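This report concerns only the one structure given below.
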Amino acid sequence: MFEQRQRRSWRRFIGWLTPVLLAAATLAALRGADRETDDHPRLRERRVQPDDQVRFRVDVVARGIRVPWSMAFLPDGRAIVTQRQPGRMHLVDLATGQATRIGGVPPVFASGQGGLLDVVLHPDYDANRWIYFSYSANTPRGATTVVDRARLRANQLVDRERIFTAQALSRAANHFGGRLVLHDGYLFLSVGDRTDRYRAQQLDSHHGKVLRVHDDGRVPDDNPFVGRNDALPEIWTYGHRNPQGLTRHPTTGALWEHEHGPRGGDEVNLIRPGLNYGWPVISYGQEYRGGPVGAGITRKEGMEQPLHYYVPSIAPSGMVFYTGSAFPEWQGNLFIGAMVLQHLNRLVLDGDRVVREERLLVDRNWRVRFVTQGPDGLLYLGVDEGMIVRLSPE
């Protein structure tokens, strides 16, 4: 009797174990297939063209500011540099490299990818003295991306006021976006999906959006979703993952954006009001754990295609069109910082079409956090290793 019960128990165990083993074998096969997708055309890295042999010198302008997120040039030859964590703002003398800490910076949510983020001067700074900056701020219901403006008196921020608070609250410490563009009386702000990816497709929140407000925070009447009960009126575009690059084209005035994909699929986009840029429905990336994002599709009607994408990911941060005379060969080129693949990315354009890519400073192994053009026509980079560097003709 005992042996019969033992045999029955063993059969029940085998009956339970067999589908589990089959499922595990199927999953392993699928994962193996995922590993082989490096041969898929859309997952192959685009060929990077050799450089034009433009000779330049790299000089260290300042040291000791780890993870410098952004830089804004003052008329007096100094620059404001933000340090993401613990959330500091510095005045840097570009001639001597001396960095002085600025007081009056509000508390920031200095965790994960959060902290003190972008800084830009108002286009009429000489008249109004406004400095705009974005950062992650904590609330009882989670952290979100906010924008303040203030004036600089000596080494102190004064007259500070809140311009905008994104409705993108989350307990997560990722995907804050935070890049700013001020132009023609409008403020553009990028906000990441805050790891709540499906809200990037929903118009009742600011997750995964590019936003547009007046430079005092009011909503423009001609924003694309004004008047809709199911949409927030500040939304300019939607369907973004984590936009950490935002800039204007120097000739057309068009807004350009780049954003992080997951495992592959970083994008460069031309931003047009009211359009859907697809995340997470379409993507050229893969999940970090392996396998496709969603249905694994890269195109869908009603969703925009990127002008350029990167597989594998370069982890882009910061972006600027070069317009200076110091490097005539680079005029009109788009420069992007690369953190994971550690280089300065250069895109050569024909209109809105990317025709060539070059990777500079690959031998430095720097996580390039931002790139911007100075009033002297030279390129300035902030690298996570704690330096501000300058590229000038050799």
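Just so it is clear, the model here is predicted, and its values are computed rather than measured.
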| request: Tell me, please, whether F133 has R149 positioned over its six-membered ring: NZ or CZ under 6.0 Å from the ring centre and within 45 degrees of its axis? | output: no
| Test item: P224 and Y238 side chains (from C-beta on) under 4.5 Å apart, heavy atoms | no
| field | R199/D204 salt bridge by N-O under 4.0 Å criterion | value | yes
| Ionic contact status for D222 with R212, cut-off 4.0 Å | yes
| message | Can you confirm whether R228 is buried at CZ, in the sense that more than 12 heavy atoms of other residues, nucleotides or ligands lie under 6.0 Å from that atom? | response | yes
| message | Would you say Y284 and Q305 are linked by a side-chain donor-acceptor pair, where the criterion is simply a distance under 3.5 Å? | response | yes
| query | Rounded to the nearest 0.5 Å, how far does CG of D215 lie from NE2 of H122? | reply | 4.0 Å
| Does R194 come within less than 4.0 Å of D196, counting only side-chain N to carboxylate O? | no
| Any H258 side-chain heavy atom under 4.5 Å of P243 side chain | no
| request: Flag the pair V389 / W366 as yes when at least one side-chain heavy-atom distance between them is below 4.5 Å, and no otherwise. | output: yes
| request: Would you indicate whether the side-chain heavy atoms of V226 and D221 approach each other to under 4.5 Å? | output: no
| task | To the nearest 0.5 angstrom, please state how far the CZ atom of R179 sits from the OG1 atom of T145. | result | 12.5 Å
| task | May I ask you to establish whether R248 and W256 are in a cation-pi arrangement, using a distance under 6.0 Å from NZ or CZ to the six-membered ring centre and at most 45° from the ring axis? | result | no
| So, do H240 and V210 sit near enough that their side-chain heavy atoms are less than 4.5 Å apart? | yes
| So, do L391 and V58 sit near enough that their side-chain heavy atoms are less than 4.5 Å apart? | yes
Identify every side-chain donor-acceptor pair in residues 375-383 under 3.5 Å, counting partners at least two apart or on other chains, and give the distances.
residue, atom, partner, partner atom, Å
D376, OD1, L378, N, 3.1
D376, OD2, Y380, OH, 2.7

| request: Using atom types as modelled and distance alone, determine if a side-chain donor or acceptor of D266 lies under 3.5 Å from a backbone N or O of I314. | output: yes
| query | Going by atom types only, do E234 and N223 share a side-chain donor-acceptor pair under 3.5 Å? | reply | no
Show every donor-acceptor pair shorter than 3.5 Å between a side-chain atom in residues 109-117 and any protein atom, with sequence neighbours excluded, or say none if there are none.
residue, atom, partner, partner atom, Å
Q113, OE1, H175, N, 2.8

| message | Does Q373 form a side chain to side chain contact (heavy atoms under 4.5 Å, CB included) with T323? I'd like the steps, not just the answer. | response | CA-CA 8 Å; Q373 181 179 314; T323 61; 3.1 Å; yes
| field | Straight-line distance of L180 CG to S134 OG, nearest 0.5 Å | value | 4.0 Å
| task | For the residue pair V371 and L344, establish whether any side-chain heavy-atom pair is separated by less than 4.5 Å. | result | yes
| said: For D93, is there an ion pair with R78 - N to carboxylate O distance below 4.0 angstrom? | reply: no
| Restricting to pairs with a member in residues 141-161, which pass ring-ring contact (aromatic ring centres under 6.0 Å, His included), not counting sequence neighbours? | none
| field | ring-ring contact (aromatic ring centres under 6.0 Å, His included) partners of residues 186-208, not counting sequence neighbours, each pair once | value | F164-H206, Y186-H214, F188-W236
| note | The reported gap from CG in L74 to CE in M71 (rounded to nearest 0.5 angstrom) is 9.5 Å
| query | Is the number of heavy atoms from other residues, nucleotides or ligands within 6.0 Å of CZ (R162) greater than 12? | reply | yes
| task | Mind checking salt bridge (Lys or Arg N to Asp or Glu O under 4.0 Å) for R272 and listing every partner two or more places apart, or none if nothing turns up? | result | none
| message | Just to verify, what does R57 make a side chain to side chain contact (heavy atoms under 4.5 Å, CB included) with, not counting sequence neighbours? | response | D59, S392
